Amino acid sequence: MSTGHLTIDLGAIAANWRSLNALTSCETAAVIKADGYGLGAGRVAAALAKQGARIFYVAVAEEGAVVRDALGERAQIRVLTGHMKGDTKLLADHNLTPILSSIDQIDRHFQELPDHPFGLQLDTGMNRLGLEWDDWAKVAEPALRRKPVIVMSHMACADEADHPMNPYQLDVFHQMTDGITTPRSLAATGGMLLGADYHFDECRPGIGLYGGLPFQGARPVARLDLPVVQIRDLTEGEVVGYGNSWQAERPTRLATLSAGYADGLLRSASNRASLWAGNRPCPLVGRVSMDLITVDITDLRDDPASLALLSPEQTVDDLARAAGTIGYEILTGLGARYTRRYAGEASRFGG
Ligand SMILES: *Cc1c(COP(=O)(O)O)cnc(C)c1O
């Protein structure tokens with residue numbers, strides 16, 4: 001088999017949810033948008049439901065429908081882009097709860113699904129989604145009378161603990177919501193780590209569940225092993241790959257591995273990342289191409305059958321740093337060609 005092998009540790013995801021949940025005394029939801037940050041929303045949701053998670057967030061209604069099939073009727077599934085034109089049937093058929101973020105959405109929702117649950121999102125300074133002060137002042141009373149499941153906002157800089165935007169948004173959220181009886185939520189992973197002031201009634205971690213920063217204490221979740229397709233020896237001075245971007249400065253043993261930018265292995269990692277044979281790093285040399293990468297294995301004693309791109313030695317954040325991006329992008333870019341295996345689950349369904 002020539003595709004890479006992606007192993008997803010559901011036990012580690014469950015442990016990360018429990019660790020984050022233990023930081024708070026409020027409800028801990030789980031964000032599983034973008035197919036569970038690339039790791040499989042249905043499997044992740046089912047594993048977390050077993051741990052006691054009851055609220056799941058997806059980005060769009062279509063994702064929610066898939067998660068509903070995996071979870072059955074028990075859980076609440078909330079849609080962060082709210083109630084878009086054309087969503088009504090999906091929201092109703094799969095019992096999805098839209099988080100409404102504008103007066104247009106609120107009007108649409110109350111007209112098309114008047115008795116259907118909903119939440120509200122306020123903007124406290126990020127300027128991405130959510131009602132601003134003026135609109136909130138107009139609709140707060142009638143909207144709250146219909147008993148939303150949550151009033152939330154989202155933080156722009158919570159991954160930087162000392163950023164002044166954090167207390168600023170906290171203050172704005174208080175000003176916009178103090179005195180209401182609806183449950184409130186402000187924190188994603190970063191906000192959870194800022195302390196209890198930020199927790200309110202519910203936290204919404206995503207990246208921390210999947211082993212990514214800023215949750216330093218996270219257990220790694222994804223392991224990616226790439227098979228070696230061919231091995232060759234180069235003399236000093238020979239060049240490797242498109243654009244001749246790497247040249248051997250010594251006699252070099254070179255392995256060609258099956259994975260490339262079509263699998264989400266970012267081209268910006270060319271000549272910067274490492275592949276690992278156990279605890280020994282082997283430099284990725286030359287350009288990442290569509291389906292292949294080339295790796296300097298000169299210093300290994302034995303020829304490997306495969307090398308690891310993600311492992312405890314090189315986490316998603318290590319790889320992200322090498323490629324000039326963030327762990328979120330590495331995870332959500334993991335390619336469709338990898339053979340996926342789920343590990344670390346006591347049993348697949350039930351018990
Ligand atoms: C993505 C997202 C989250 C989760 O954020 P993480 O940084 O991955 O924990 C929570 N809330 C909203 C509104 C989001 O868009």
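Indexing begins at 1, ligand by ligand and atom by atom, following the structure's order. These figures come from a predicted structure and were not determined experimentally. As a basis for the values below, the full set of heavy atoms in this structure was taken, side chains included, without hydrogen atoms, waters or symmetry mates.
Polar contact check, V31 against ligand 1: no nitrogen or oxygen pair lies under 3.5 Å apart.
Defined by atom type and a distance below 3.5 Å, a donor-acceptor pair is missing between the side-chain atoms of T256 and Q230. If you check the side chains of N271 and S245, you find a donor sitting under 3.5 Å from an acceptor.
Heavy-atom proximity to K33, at under 4.0 Å, picks out these atoms of ligand 1: 1 (C), 2 (C), 3 (C), 14 (C), 15 (O). Listed by atom number, the atoms of ligand 1 under 4.0 Å from P205 heavy atoms are 9 (O). Contact atoms of ligand 1 toward Y37: 1 (C), 4 (C), 5 (O), 6 (P), 8 (O) (distance under 4.0 Å to a heavy atom of the residue). Here is the list of ligand 1 atoms found below 4.0 Å of a heavy atom in R128: 15 (O).
Cation-pi contact between R43 and Y342: present, with separation from the ring centre below 6.0 Å and deviation from the ring axis of at most 45°. Judged by the 6.0 Å distance and 45° axis criteria, R78 is not positioned over the aromatic ring of F56.
A salt bridge does not link R253 with D296: every distance from a Lys NZ or Arg NE/NH1/NH2 to an Asp or Glu carboxylate oxygen is 4.0 Å or more. The pair R341-D225 fails the salt-bridge criterion, with no side-chain N (NZ, NE, NH1 or NH2) lying under 4.0 Å from an Asp/Glu carboxylate O.
In this structure, atom 7 (O) of ligand 1 lies nearest to the protein heavy atom Y328 OH, 2.6 Å. Nearest protein heavy-atom contact of atom 9 (O) of ligand 1 is T189 OG1, 2.5 Å. Atom 5 (O) of ligand 1 has as its closest protein heavy atom A188 CB, 3.3 Å.
To the nearest 0.5 Å, atom CG of residue L100 and atom NE2 of residue H109 are 5.5 Å apart.
Neither the backbone nor the side chain of L129 comes within contact range of ligand 1; no heavy atom lies under 4.0 Å.
When Q121, M152, H154 are checked for heavy-atom proximity to atom 12 (C) of ligand 1, H154 turns out nearest.
Counting non-hydrogen atoms of other residues, nucleotides and ligands closer than 6.0 Å to CZ of R301 gives a total of 12 or fewer.
Ligand 1 lies nowhere less than 4.0 angstrom from a heavy atom belonging to Y57.
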